[in-house]
Amino acid sequence: MAHKKEGNKYWIYGEDAALAARFTKYLTKVLYARRASYIRTKMAEAAHEVSIEECSGEVEETYKRLNAPIEERVEARLMWEGIRNHLPKLTPKECEVMIALYIDRLSVSEVAAKLGVETNTISTHRRNACEKIRKEMEGK
């Protein structure tokens, strides 16, 4: 291995120079590939990002829930503890209605607007879910 030192630089000659060039070329390709992967990942993340203005409804709802009086939060937690074991027995729509009514504390008309159905449909789902929960509790 032939080296010549000038200042802080090394000059490589012969076979070592060819090997160093191949290694440098390989590292350059790896670096470019890693950089491209990084940029692709960042672009994918940016595609999934949503501005705060686009989800202002969810932000407001969460903010209201966090700033609700402690009594309401405790009541919602107790209600959740009471119905969560029964949710697997309910239909998906009944689950959605029960969670919206008793956990999210929405009114029947708000739930109807959220789900895009009539208020009578929400009342029917609630009545059916309550009946199933009541029957299951009586059976225990």
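For the atom pair Glu96 CD and Leu90 CG, the distance stands at 12.5 Å (nearest 0.5 Å). Here the straight-line distance linking atom NZ of Lys135 with atom CD of Glu131 works out to 5.0 Å at 0.5 Å rounding. In this structure, the separation between NE2 on His86 and SG on Cys130 is 11.0 Å, given to the nearest 0.5 Å. To the nearest 0.5 angstrom, Leu115 atom CG is 4.5 Å from Ile122 atom CD1.
In terms of heavy-atom proximity, Ala100 sits nearest to Val111 at CB-CG2, 3.6 Å.
With contacts defined as side-chain heavy-atom distances shorter than 4.5 Å, the pair Ile133/Met98 qualifies. Considering only heavy atoms from C-beta on, Ser123 stays 4.5 Å or farther from Glu118 through its side chain. Side chains of Arg126 and Val108 form a contact here, defined as non-hydrogen atoms less than 4.5 Å apart. Contact of the Glu110 side chain with the Lys114 side chain is not registered, since no non-hydrogen atoms from C-beta on lie closer than 4.5 Å.
Leu27 belongs to a hydrophobic cluster whose other members, connected by ILVMFWY side-chain contacts under 4.5 Å either directly or through intermediates, are Phe23, Tyr26, Val30.
Side chain of Thr121 to main chain of Val117: no donor-acceptor pair is present (N/O by atom type, distance under 3.5 Å, no hydrogens or angles). With hydrogens and angles disregarded, no donor-acceptor distance shorter than 3.5 Å links the side chain of Glu45 to the backbone of Lys42.
Comment: Glu94 engages Lys132 in a salt bridge, judged by a side-chain N to carboxylate O separation of less than 4.0 angstrom.
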